[in-house]
Undergrad: 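My questions will all concern the structure given below.
Chain letters run A, B, ... following the sequence lines, proteins first and then strands; every chain starts at 1.
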Amino acid sequence: MAEPTAPSPTPPSSRFTYRHLTQLSKSSVDCPLRVVAHVDLDAFYAQCEMKRLGVPREEPLAVQQWANLIAVNYPAREKGVTRHITAVEAKKLCPEIRLVHVAVWTPGSTEWRYNDSSLPSMSLSKSSLDPYRAESKKILTVFRSTCPDAILEKAGIDENFLDLSKPIYEQLVAENEELREQIVGGKGSELLPLPGKRRLDWYGSHLVATEGEDAETGVEEVEEVLDWDDVVLAIGAGMVKRLRDAVWEELGYTCSGGIASNKMLAKLGSAFKKPSQQSVVRARAVQPFLNRHKYTKIRNLGGKLGTQIVDHVGSQLLPDLLPLTLPDLTSFLPDDTATWVYNTIRGHDRTPVTPRTATKSMLSAKSFRPPSLPSTPQHAFQWLHVFIADIWARIEDEEAFTQVVRRPRVMTLAFLGRGAQRSRQMPIVGGEGRDALRRTAETLLRAVLEEGGGRMGLWPCMRMTLDVSGFEDRETGSGNIGDFFTRKAASLPPPPLLPASTSASASILPTPSSSEEVETDLHPSKRQRITSPPAADSSTPVIPPSTSTSPSPAQPAPPQSPLTNSNPSTTTPPPSLLLCNLCNLPIPPHELPEHQDWHVAKDLEKAWWEEERRQTPQPAQPGQAAAGKKGKKKVAGGREKREKGQTVLRF
DNA sequence: ACCGGAGAT
DNA sequence: GGATCTCCGGT
Ligand SMILES: Nc1ccn([C@H]2C[C@H](O)[C@@H](COP(=O)(O)OP(=O)(O)OP(=O)(O)O)O2)c(=O)n1
């Protein structure tokens, strides 16, 4: 529809129009100049652990969960270590490898912990991915502050999409007078002038080969600028470079990026060259790029749907799919799905980058392996309580980090027994505190157990999953100091109470005595910055900044807050403290300026999370549905319909 | 609204 | 394989 169909009879004309520029400024998915980026952290969990433990970059490391690996860093991959192999096999392949087990929760515990001494037992603990979620949030924060005008969407714990159209438009117009002149008053259908002769800076990006080139000429390729589509991609490449550098500078993580005209291509692009690199897919490189992929590598084609297509076509190669006409595809796929496939393999994808950085649901789950399978309600309830502790901690942590209060309205419990699965869902009632969650969860578990699993029975238990969703924003008393204080007081150790200061700056606070320990300078956290930027082929071993290794409560709070560190160590109290008039916390005088700067930054961040909320409609109020009592039956091998459960992809 | 399932990281 | 998440279809 909005394809740049205009022919270019006259050399001085671009293929694009002023209308396209306007679309660009609005991040329209129909804009042919649209620029989307996908940024994916390299071996994310492994990088998190390397940072936490201060492991040098070049040392092989993998993250394990029970006996299996869930993340492998690049040095280890060179030795043949991959995800999906066991820790034992990894040791054989790479004896020097450092294996780090994920943190775990234990029944009765208040928080997750890393077991430095021994490996956690799968039957006695449940893994926690919270440390990675926390780092993931920090990355989002860096993205936001680096590229405030981009649309940001969290696509996974270690990957994000950005629609850079708007900020690119701004920069494009600012740097190109020829576009600025007629931009107002000019007819939208009028073709743009071609960009002046220039040499594009691709900021070290790999340029995916176009037809004719047999290999990526890589970082140094120089090429004539043909039109504005390349210009905007180059600007996008610069932004992604800045994003990646910022993540490295501020957090010590390397990541890879893809820059293209839509999400699908951006995602393929980010995976093109992996450790710490970025790739650009120009328009004329799209089909050549796609053609060298198996279409089963494209998102949504990796599962049943992809397999079904392979069965009909007899090939996984994308070029073998191109000859199929839309009717051909429709002959064995639902119309919408056929259309989606037809467009996707040609590089067309108008999926919007949806502004969302918070998850819609939180779930806590645990699988059990023989021989230790829970076989009594007591065991089930025990793990249920661990799930509640986990989820509640995450809700509170998120609140502390974003300064936005969100509470789930719906809870779902899934129980997998011997071939029989049951799930029950109901509104969370009785308040929104931890107890409400616990009682709701217990009700659900009782309901599931009472219903039972039919002939097969639910016992022994193979897996339990607790899910909360339908998050709703609570009033935060935007900018209200009282509310802020209230929230902090609820999640932090009780601060020395004093009436809120009304003075413009701060009031004097007597130094607390022995009981309320105050640590002054436990945070030498002066940004000891790293020199060399992330580079895939950099042989320079650089050790990222080490950070806090403490569990849950370590996340937020001002850097100097004496209440931040839950570890009560013996520190000499300063002569006096000032009471911050923003949060009422006692702050050493010399740290007050920095402390209040922290407030400014935190408020900015809060504004972002709140603004995002406004852009997403709140779900409707849940009706007081019943806790479910009616039972269905089989779920296991239910093959009632051929090709059932086929998801229709809409275009 | 509730439940089951696909697909992805 | 385990732990998460998101989105969709049928009822
Ligand atoms: N089946 C999977 C796939 C991934 N992950 C987690 C661990 C990874 O660290 C993180 C990101 O997944 P990626 O597929 O992006 O893989 P990596 O980040 O580990 O490596 P790469 O550098 O190839 O992206 O998600 C997981 O738990 N289970």
Undergrad: Test side chain to side chain donor-acceptor pair (under 3.5 Å) on N262(A) and T351(A) and set out the steps.
TA: CA-CA 7 Å; N262(A) 60 240; T351(A) 308; over 6 Å; no
Undergrad: Nearest to the side chain of H84(A), which nucleotide is it out of dG1(C), dG2(C), dA8(B)?
TA: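 Minimum distance to the H84(A) side chain belongs to dG1(C).
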Undergrad: Residues from residues 152-163 of chain A sitting under 4.0 Å of DNA chain C, heavy atoms only?
TA: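 Contacts with DNA chain C under 4.0 Å: none.
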Undergrad: Atom CD of Q65(A) and atom P of dT4(C): how far apart are they, to the nearest Å?
TA: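 Result: 8 Å.
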Undergrad: Of R369(A) and A358(A), whose closest DNA chain C nucleotide lies nearer the 5' terminus?
TA: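 Residue closer to the 5' terminus by nearest nucleotide: R369(A).
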Undergrad: Between dC3(B), dA3(C), dC7(C), which nucleotide gets closest to the side-chain atoms of S127(A)?
TA: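 Within the option list, the nearest is dA3(C).
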Undergrad: What is the distance, rounded to the nearest whole Å, between atom NZ of K366(A) and atom P of dG2(C)?
TA: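 The distance from NZ of K366(A) to P of dG2(C) comes to 10 Å, rounded to the nearest Å.
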Undergrad: Round to a whole Å and report the spacing from CZ of R83(A) to P of dA8(B).
TA: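 Between P of dA8(B) and CZ of R83(A): 14 Å.
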Undergrad: Considering just the side-chain nitrogens and oxygens of S361(A), establish if one lies under 4.0 Å of OP1 or OP2 belonging to dT6(C).
TA: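 Yes, because at least one side-chain N or O of S361(A) sits under 4.0 Å from OP1 or OP2 of dT6(C).
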Undergrad: Hey, does L129(A) reach any base, or is it just sugar-phosphate, or nothing, if we go heavy atoms under 4.0 Å?
TA: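 Answer is sugar-phosphate: L129(A) comes under 4.0 Å of backbone atoms only.
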Undergrad: What does L413(A) touch in the nucleic acid at a heavy-atom separation under 4.0 angstrom: a base, only the sugar-phosphate, or nothing?
TA: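 The residue L413(A) makes no contact with any strand.
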Undergrad: Could you give me the CA-CA distance, side-chain angles and deciding distance for R406(A) and I395(A), then say whether side-chain contact (heavy atoms from CB on, under 4.5 Å) is met?
TA: CA-CA 8 Å; R406(A) 295 199 315 152; I395(A) 289 174; over 6 Å; no
Undergrad: Please identify each residue that fulfils ring-ring contact (aromatic ring centres under 6.0 Å, His included) with Y132(A), with sequence neighbours left out.
TA: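 Y132(A) satisfies ring-ring contact (aromatic ring centres under 6.0 Å, His included) with Y45(A) only.
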Undergrad: By the 4.0 Å heavy-atom rule, please label R133(A) as base, sugar-phosphate, or nothing.
TA: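 Since only primed, P, OP1 and OP2 atoms lie under 4.0 Å of R133(A), the category is sugar-phosphate.
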Undergrad: At under 4.0 Å, does any side-chain N or O of K360(A) touch on OP1 or OP2 of dC5(C)?
TA: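 No, outside the criterion.
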Undergrad: Report the distance from atom NZ of K304(A) to atom P of dA8(B), rounded to the nearest whole Å.
TA: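 Whole-Å distance recorded here is 12 Å.
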Undergrad: Do the side-chain N or O atoms of R394(A) get closer than 4.0 angstrom to the phosphate oxygens (OP1, OP2) of dC5(C)?
TA: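 Checking R394(A) against dC5(C): at least one side-chain N or O falls below 4.0 Å of OP1 or OP2.
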Undergrad: Rounded to whole angstroms, how far apart are CD1 on I70(A) and P on dG2(C)?
TA: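 Taking atom P of dG2(C) as the reference, CD1 of I70(A) is at 12 Å.
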Undergrad: Round to a whole Å and report the spacing from CG of N68(A) to P of dG1(C).
TA: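 It works out to 10 Å between those atoms.
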Undergrad: Sequence neighbours excluded, which residues qualify as ring-ring contact (aromatic ring centres under 6.0 Å, His included) partners of H312(A)?
TA: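 H312(A) satisfies ring-ring contact (aromatic ring centres under 6.0 Å, His included) with F332(A) once adjacent residues are dropped.
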Undergrad: Going by side chain to side chain donor-acceptor pair (under 3.5 Å), name the pairs with one or both residues in residues 66-76 of chain A, residues two or more places apart or in two chains.
TA: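 Residue pairs passing side chain to side chain donor-acceptor pair (under 3.5 Å), neighbours aside: Y74(A)-R77(A).
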Undergrad: Would one find a side-chain N or O of S423(A) under 4.0 angstrom from OP1 or OP2 of dG4(B)?
TA: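 Answer yes for this pair, as a side-chain N or O of S423(A) is under 4.0 Å from OP1 or OP2.
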Undergrad: Identify, with sequence neighbours excluded, every residue that meets ring-ring contact (aromatic ring centres under 6.0 Å, His included) alongside F415(A).
TA: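 Expected list: W459(A).
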Undergrad: Would you mind telling me which of dT9(B), dG1(C), dT6(C) lies closest to the side-chain atoms of R356(A)?
TA: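 Selected nucleotide (nearest to the side chain): dT6(C).
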Undergrad: Go through the structure and list residues passing ring-ring contact (aromatic ring centres under 6.0 Å, His included) with H379(A), not counting sequence neighbours.
TA: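 Listed in chain order: nothing, the list is empty.
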Undergrad: Quick check for you: among dC2(B), dA8(B), dA3(C), whose closest atom lies nearest to any side-chain atom of K126(A)?
TA: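 Closest of the options to the side chain of K126(A): dA3(C).
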Undergrad: In this structure, how many angstroms lie between the C1' atom of dA3(C) and the CD atom of Q64(A), rounded?
TA: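 That distance rounds to 15 Å.
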Undergrad: How long is the line joining NZ of K297(A) and P of dG7(B), in whole Å?
TA: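 These atoms are roughly 15 Å apart.
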Undergrad: OP1, OP2 of dA1(B) versus side-chain N and O of R424(A): anything below 4.0 Å?
TA: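 So the side chain of R424(A) is outside the cut-off, no N or O lying under 4.0 Å from OP1 or OP2 of dA1(B).
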Undergrad: Test side chain to side chain donor-acceptor pair (under 3.5 Å) on T357(A) and R144(A); report intermediate values, then the result.
TA: CA-CA 10 Å; T357(A) 53; R144(A) 266 199 288 264; 3.2 Å; yes
Undergrad: Compare the minimum distances between each of dC3(B), dC5(C), dG2(C) and the side chain of L363(A), then state the nucleotide with the smallest one.
TA: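 Shortest atom-to-atom distance from the side chain points to dC5(C).
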